[in-house]
Amino acid sequence: MLRGVRGISPHHASYLELLHGRVTGWVILVVSVIITVLAWHTSNVYQEKRAQERFDFRVEEAKWSILKRMLEYEQVLRGGVGLFNASDEVTRNAWHRYVTTLQIDTYWPGIQGIGFARLFAPEHKQALIDQIRAQGFPQFDVLPLGERDLYSSILYLEPFEGRNLRAFGYDMWSEPVRRAAMQQARDTGKAALTGKVTLVQETERDVQPGVLMYLPVYRDGMATTSVEERRRALLGFVYSPFRMRDLMEGILGLGVPDLDFELYDGMAVEPGQQLHATHPERVVKPDARYARESRLELPGGRIWLARFTSRPDFEVDLESRQPLIIALFGMLVDLLLFVNVLALSGQNERVQRKAEEIASALNQAERRYRQMVENVRDIIFQTDAEGHWTFLNAAWEEVSGFSVQESVGRPFFDNVHPDDKERSMAQFAKMMRGELNYLQDEYRGVHRNGELVWVEVYLSVLTDDRGVPIGSSGVLRDVTMRKQVEMVMMRARDAAESANRAKSEFLANMSHELRSPLNSLLILSKLLSRDANLTPEQLESVRVIHESGRDLLNMINDILDLSKIEAGRMELVADELYPDRFVRELLDPFRVFATSKGVGLTCELVGELPEVFVTDGGKLKQILSNFLSNALKFTDSGGVMLRVRRLEGSAGRRVLLFQVEDSGIGIPGDKLDMIFESFRQVDGAMSRKYGGSGLGLSIARKLADFLGARIEVRSREGQGSLFSLTLTEMERSVLAIPSDPWEVSSPAGDGAKVDGALIQEPEEASQPEPLRIRGKPVTVLVVDDDMRMAFSIASGLQKRVEHVLLAANGVRALQELESHPEVDAMVLDIRMPEMDGLETMRMLRADPQYAHLVILVLTARAAPEDEVRCLEAGADGYLIKPASMEVIWSRLEACLMMREGDKGRG
Ligand code: ADP
């Protein structure tokens with residue numbers, strides 16, 4: 001009989017034989033009866049309870065497998081996102097390689113593919129299509145066809161074969177269920193699952209429900225802290241499509257043979273939302289003995305409802321045990337014991353099998369993770385609380401040059417650059433003290449070969465059950481390349497900026513220096529042109545000298561302006577401007593020229609203009625003067641008109657539109673942009689015919705930018721041009737910033753150049769009053785060793801002084817005074833050879849015959865104490881060069897009046 005029972009091992013048999021030998025028959029019988037009755041009773045209760053537990057266990061097991069696997073899939077997608085973050089451009093090939101190394105068929109069964117879909121706006125659609133077509137897919141298109149506000153398109157999907165080819169180019173954004181998940185992923189930065197869809201991969205045969213999982217890819221380097229930033233930074237999605245039956249079979253295998261199982265998207269059993277059923281032919285099995293509904297919370301918060309029911313197999317298996325026990329009643333105890341032993345050994349085997357299964361599953365999971373971790377290009381690491389490496393993946397070897405083996409156990413700061421060591425150690429200590437949970441920073445590391453490596457670190461604290469820090473884990477990314485590029489660019493920018501500054505400064509200084517000699521040239525050529533002894537040819541030459549000088553001066557002024565703007569030395573001065581008066585004063589200087597050319601110059605004020613308007617009047621005048629002088633220059637018949645009109649500005653700000661229109665030669669359409677560039681004219685012959693340097697408009701545009709104004713130009717060749725300036729009123733609070741050392745601020749605030757103000761154009765200004773003392777014209781002696789300066793002052797003085805004498809130093813001055821006792825005043829330089837100004841003054845003041853003499857000191861770049869010394873030495877007034885002629889006159893006049901008053905009293 002014993003031998004008739006299946007599966008008895010010799011070991012069991014001998015065990016039973018041993019029992020037989022030891023216990024007498026009747027004891028066995030009694031015990032066997034008692035045990036059998038008890039066993040029969042408890043077995044029913046026990047079996048029932050065990051069946052419920054077994055069912056529950058199966059349910060939990062299935063549920064856990066699904067959840068675990070979906071989380072793993074999310075990790076796989078995260079690896080794909082990592083690929084995008086690690087390199088600026090992920091090629092089709094790189095994507096193929098990544099997915100191939102994952103071996104999804106082997107390690108991730110059920111996943112249909114891993115893809116990347118790019119998001120783009122309508123204006124980029126054609127370029128993208130062309131680009132993909134050029135990659136060898138002439139049929140590529142964004143599908144479905146048609147116009148939409150925003151597109152996505154599946155660009156990569158690996159394995160790129162079979163069903164997956166059908167998805168190439170598909171715009172998932174166009175479909176609401178997919179779009180909802182994509183939007184969720186985009187806004188949260190996390191994985192999101194769609195509801196139930198039919199994948200585009202489906203053919204007519206074996207159609208299964210599907211779902212998709214998305215992870216967002218943001219553009220490298222863009223901020224993603226807020227939802228708005230994430231939307232802006234979105235590049236596309238890494239995603240996976242799943243066919244539900246394939247997926248469930250991939251996850252569970254044939255894992256729950258005795259249970260039925262249905263899966264629904266959402267929280268309720270709704271036939272339309274069914275994702276999967278192990279028994280598609282019937283939705284519910286009402287007579288199942290065991291049934292349970294359970295919710296699964298998936299990545300992105302999506303809920304699936306799983307409904308498990310026991311299957312007849314499960315119940316048969318259960319019931320089959322009862323007849324077995326009943327049959328045992330009356331049997332011998334050895335048989336009962338044997339059965340118990342058998343059950344025990346069977347259970348053991350099952351436990352063993354289960355353990356092996358779990359171990360193998362663990363092994364697989366471990367292999368999967370390892371594969372993933374090792375494939376990532378970033379360094380994944382862990383440290384203990386002292387900062388020793390406890391884990392490093394393979395990427396470590398490439399980035400640091402050290403092997404994982406030799407590094408594990410060593411402190412992380414051994415690999416940090418000395419300059420960053422202290423900071424990194426302090427931050428780490430802070431984390432281990434529990435003061436910081438998460439860290440993102442950039443450090444310099446040192447490669448084994450001594451080279452510098454820049455890494456970006458993302459670090460978080462590892463804690464034990466009680467929350468005490470026990471180490472850290474994180475990711476290191478090699479950003480050396482990016483840093484190097486940044487550094488090269490920064491250096492190049494610094495170099496360019498400082499070169500530009502140096503250039504501008506040089507220009508500014510140079511033009512400044514050029515003006516002094518030009519000054520003399522202009523004045524002397526003017527004086528020469530009045531010489532009655534010159535022949536007409538000589539006069540013409542003098543005129544040419546004078547005009548060339550003036551052109552040169554204008555050009556230098558322009559260059560000075562330009563370099564000031566470029567060196568950032570231009571300042572805004574908010575003035576109150578009265579449009580009526582401003583326009584009149586603006587046009588006045590042009591009237592003579594217009595009349596001499598026979599060209600009309602008119603002005604039109606349209607509508608009601610504001611009474612006052614706040615802006616930098618000097619710069620506005622400079623811009624409009626340029627328009628007007630160009631208009632007059634390039635117009636030979638007809639007229640030039642200045643129009644001013646008020647426009648409505650936003651937010652209550654006032655806006656004026658200034659237009660200068662002419663009927664001149666016009667500008668060809670293709671040259672309209674070019675004329676705003678420095679030194680550019682419509683054609684090369686221009687400057688010969690019309691003069692000019694090609695700088696005016698480029699300065700005008702820069703000044704306009706500076707004022708926040710806009711210049712526009714319209715023109716028709718041969719018919720005329722229209723230059724417009726749209727200017728918004730400035731806020732009154734915009735006031736001048738202190739000026740630069742070489743910039744002499746203009747007291748008039750109209751931008752007139754006081755610097756080099758000794759330049760005078762004798763005939764242009766109106767004739768001022770001559771200076772007098774005691775009713776007769778004055779005689780002035782100018783003493784300066786720089787003859788150009790002396791001439792300039794002299795000719796400036798000549799407008800109001802009848803007799804001007806010159807002397808080159810103190811000794812000569814004394815000689816002049818001796819031979820010209822009529823001298824009333826002298827303008828005296830201080831630094832001179834032979835006898836300087838101070839000494840000259842002391843000598844003069846020591847001599848009573850010069851007591852009446854007015855002495856005005858005019859000195860260059862003096863120290864502050866110089867003024868006191870000069871006044872002590874006997875000066876009546878003290879001025880610093882450069883000073884405008886008006887200032888010199890008025891100071892001289894004041895000194896003369898004081899002397900006169902003194903004399904009167906005395
Ligand atoms: P410039 O007049 O000193 O040469 P601009 O920068 O002021 O320099 O002007 C550049 C060029 O633009 C001029 O040389 C001329 O060719 C063209 N231009 C400017 N204004 C007019 C205009 N009103 N009519 C025709 N051409 C013009």
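Bear in mind the structure is a predicted one, so any value in this text is a computation, not a measurement. Note that ligands are numbered from 1 as they come in the structure, with each ligand's atoms numbered from 1 the same way. FYI, the numbering just counts along the sequence from 1.
Listed by number with element, the atoms of ligand 1 under 4.0 angstrom from any heavy atom of Gly696 are 5 (P), 6 (O), 7 (O), 8 (O). Proximity to Asn630 (heavy-atom distance under 4.0 Å) selects the following atoms of ligand 1: 2 (O), 5 (P), 7 (O), 9 (O), 19 (C), 20 (N). Taking every non-hydrogen atom of Phe634 and a distance limit under 4.0 Å, the qualifying atoms of ligand 1 come out as 13 (C), 14 (O), 15 (C), 18 (N), 21 (C), 22 (C), 24 (N), 25 (C), 26 (N), 27 (C).
Of all the heavy atoms of Phe723, the ones lying under 4.0 Å from any atom of ligand 1 belong exclusively to the side chain.
Residue Leu697 has at least one N or O atom closer than 3.5 Å to an N or O atom of ligand 1. Between Asp662 and ligand 1, a contact under 3.5 Å exists for at least one N or O pair.
Of the candidates Leu695, Ile667, Val660, the one placing a heavy atom closest to atom 25 (C) of ligand 1 is Ile667.
Electrostatic pairing of Glu712 and Arg714 does not count as a salt bridge here, judged by no charged N lying under 4.0 Å from a carboxylate O. The pair Arg591-Asp588 counts as a salt bridge, with a side-chain nitrogen and a carboxylate oxygen less than 4.0 angstrom apart.
The aromatic rings of Phe627 and Phe723 sit tilted relative to each other, their planes meeting at an angle between 30° and 60°.
In this structure, Ser721 contributes its side chain and Gly664 its backbone to no donor-acceptor pair below 3.5 Å.
In this structure Arg543 satisfies the salt bridge (charged side-chain N to carboxylate O under 4.0 Å, His left out) test together with Glu540, Glu547, sequence neighbours excluded. Shown here are the ring-ring contact (aromatic ring centres under 6.0 Å, His included) partners of Phe590, two or more places apart in sequence or in another chain: there are none.
The shortest heavy-atom distance from Gly664 to ligand 1 is not under 4.0 Å. At least one heavy atom of Lys633 sits closer than 4.0 Å to an atom of ligand 1.
Looking only at side-chain heavy atoms (C-beta outward), Trp889 and Leu797 come within less than 4.5 Å of each other.
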